[in-house]
There are 2 protein chains.
Amino acid sequence: MEKSIKRRTTMNRMQVTGLELFYKNGYYNTSVDDILKELSLSKGAFYYHFDSKEDFFIQIIEQLVVRKVYSMLIEPIEGHENTLDLITNCFENALETAVHNELDYGFVLSNFIHEFNGRNQEIMKHLNEILRIWEVTLVSAIQRGKFNGHIDRHVDAEGVAVYLMSSFIGIRTLMVETAPSARKYRFMSQLRQYFKSIEVRQQSY
Amino acid sequence: MEKSIKRRTTMNRMQVTGLELFYKNGYYNTSVDDILKELSLSKGAFYYHFDSKEDFFIQIIEQLVVRKVYSMLIEPIEGHENTLDLITNCFENALETAVHNELDYGFVLSNFIHEFNGRNQEIMKHLNEILRIWEVTLVSAIQRGKFNGHIDRHVDAEGVAVYLMSSFIGIRTLMVETAPSARKYRFMSQLRQYFKSIEVRQQSY
DNA sequence: TAACATTCCGACCCAGTGGTCGGTTAACTC
DNA sequence: GAGTTAACCGACCACTGGGTCGGAATGTTA
């Protein structure tokens with residue numbers, strides 16, 4: 001195999017397996033050896049490609065986690081249709097995926113935020129950055145909705161964004177282990193209820 | 001000092017310091033030695049009072065975490081006034097405490113849920129039990145509200161409870177590190193907005 | 001095919017980790 | 001005040017963690 005390709009292939013294999021195990025067992029609870037055993041690779045290979053366990057993880061965030069969040073939570077709400085519908089469908093799909101996940105460990109991003117908060121400033125910077133992007137995407141979606149006449153123009157876009165992020169992070173936490181499907185259903189109903197309260201009032205009566 | 005008192009005193013000191021460090025650094029990231037160093041106690045003392053690190057932690061949950069959650073989230077909403085007001089004030093206070101916490105590591109309960117989910121069934125049982133109690137307390141509060149005529153009788157009490165728990169867990173996650181005060185304010189505004197949508201419609205117009 | 005660079009191997013280092021155990025000290029009982 | 005027991009000490013153990021390093025294998029180039 002060509003060298004540069006071989007390099008990227010090996011690194012990617014390590015990262016994919018690494019994310020899998022970090023997500024499943026937590027960062028501090030997963031040893032470099034665990035990952036290497038899974039791949040039948042050696043310590044030497046690992047430290048040839050990465051400077052340290054931390055460096056390894058940061059690259060995983062940049063390569064894999066960011067993309068996951070983008071495709072799941074950012075891109076689906078960038079359209080120009082009714083934004084409340086976009087967000088509803090986006091959440092619906094994200095939660096449905098979680099329900100069907102045999103072994104669900106929650107929302108990747110919030111899992112890692114919990115693990116690193118107050119413990120690793122460097123990694124937290126990266127995680128917060130993703131949250132920030134999610135937030136501005138939501139805010140601009142809400143504002144588009146106001147502009148397009150779907151959302152009441154008095155609502156506070158930042159407030160709605162924070163509220164949406166909160167509830168999503170929370171429901172993903174609640175959906176692990178206990179009645180994920182039922183909780184998802186209840187959550188989505190209430191989300192729609194909430195959305196009704198910020199839609200433009202229909203003057204049809 | 002009398003023996004049985006001395007025993008309880010020592011155990012309590014260990015638990016208080018233990019919770020502090022577990023909350024701050026995580027369970028797996030805090031060694032028994034860390035706790036003992038803080039207290040100038042020895043391994044012998046620790047394993048004289050507790051069977052294992054896990055046993056120690058479970059006792060911390062039963063003794064300290066349960067009580068914390070009770071006094072912060074359960075008892076404040078058990079009154080018979082307008083339940084939506086009770087919940088609003090309860091959340092307001094809980095979040096305000098978090099804002100003023102110099103070093104905030106989030107909602108104790110959800111922190112530990114994230115850490116132990118899929119890793120320690122025994123401990124998860126205890127944590128889920130607390131969540132369950134919180135849930136039934138919320139559900140019965142909502143139902144009281146419907147009965148008392150404050151809440152629209154068509155709303156789904158279980159749904160509202162899940163939605164409230166979600167949003168609370170989520171906002172506590174978001175409040176660590178980034179703009180806790182602003183986020184709290186935005187969150188509370190939207191919560192009130194949501195509450196308005198499940199109140200009984202005022203026929204005053 | 002010789003010379004060189006890239007990729008990977010695995011023995012080794014050592015600072016911890018949870019947990020054990022024989023022993024000491026202090027408090028209570030009779 | 002001797003004997004008993006609860007409370008605690010700290011050296012020790014087996015093991016694991018992240019990380020190092022000399023060298024072997026596998027390309028790549030001239």
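Chain letters run A, B, ... following the sequence lines, proteins first and then strands; every chain starts at 1.
Residue A:R7 has a polar side-chain atom (N or O) positioned under 4.0 Å from OP1 or OP2 of C:dT7. Note on A:Y47: a side-chain N or O is less than 4.0 Å away from OP1 or OP2 of D:dG19. Of the side-chain N and O atoms in A:T10, one or more sit less than 4.0 angstrom from OP1 or OP2 of C:dC8. Under 4.0 angstrom from either OP1 or OP2 of D:dC8 there lies at least one side-chain N or O belonging to B:H49. Contact annotation: A:S31 does not reach the phosphate of D:dT16 (side-chain N/O to OP1 or OP2, under 4.0 Å).
For the pair A:L41 CG and D:dA25 P, the interatomic distance rounds to 17 Å; values are reported in whole Å. Look at CE on A:M11: it is 13 Å from C1' on C:dT6, rounded to the nearest Å. Atom pair B:L39:CG and D:dC8:C1' shows a separation of 13 Å (rounding to whole Å applied). The interatomic distance linking A:F50 (CZ) with D:dG18 (C1') rounds to 15 Å, in whole Å. Here C:dT17 presents its P atom at 17 Å from CZ of B:F57, a figure rounded to the nearest Å. If you measure from atom CG of B:L36 to atom C1' of C:dG18, you get 11 Å, rounded to the nearest angstrom. Atom CD1 in A:I5 sits about 12 Å away from atom P in C:dT7, given to the nearest Å. Remark: P of D:dG10 and NZ of B:K37 are 15 Å apart, rounded to the nearest angstrom.
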Evaluation steps, side-chain contact (heavy atoms from CB on, under 4.5 Å), between B:F168 and B:L95: CA-CA 9 Å; B:F168 183 83; B:L95 297 182; 3.8 Å; yes
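Across the interface with DNA chain C, nearest-nucleotide mapping of A:Y48 and A:K43 shows A:Y48 to be the residue nearer the 5′ end. Along DNA chain D, the nucleotide nearest to A:D34 and the one nearest to A:G44 differ in position, and the one closer to the 5' end is contacted by A:D34.
Ion pairing of A:E135 with B:R183 is present here, as a side-chain N (NZ or NE/NH1/NH2) and a carboxylate O approach within less than 4.0 Å.
Taking the centre and axis of the six-membered ring of B:Y27, the NZ or CZ atom of B:K53 falls inside the cone set by 45° and 6.0 Å.
The base of D:dG19 lies outside donor-acceptor range of the side chain of A:K53, with no N or O pair under 3.5 Å. Donor-acceptor pairing under 3.5 Å, judged by distance alone, is absent between the side chain of A:K6 and the base of D:dG27.
In this structure, the side chain of B:T83 engages the main chain of B:A141 through a donor-acceptor pair within 3.5 Å. Checked by atom type and distance alone, the side chain of B:R172 pairs as donor or acceptor with a backbone atom of B:G106 at under 3.5 Å.
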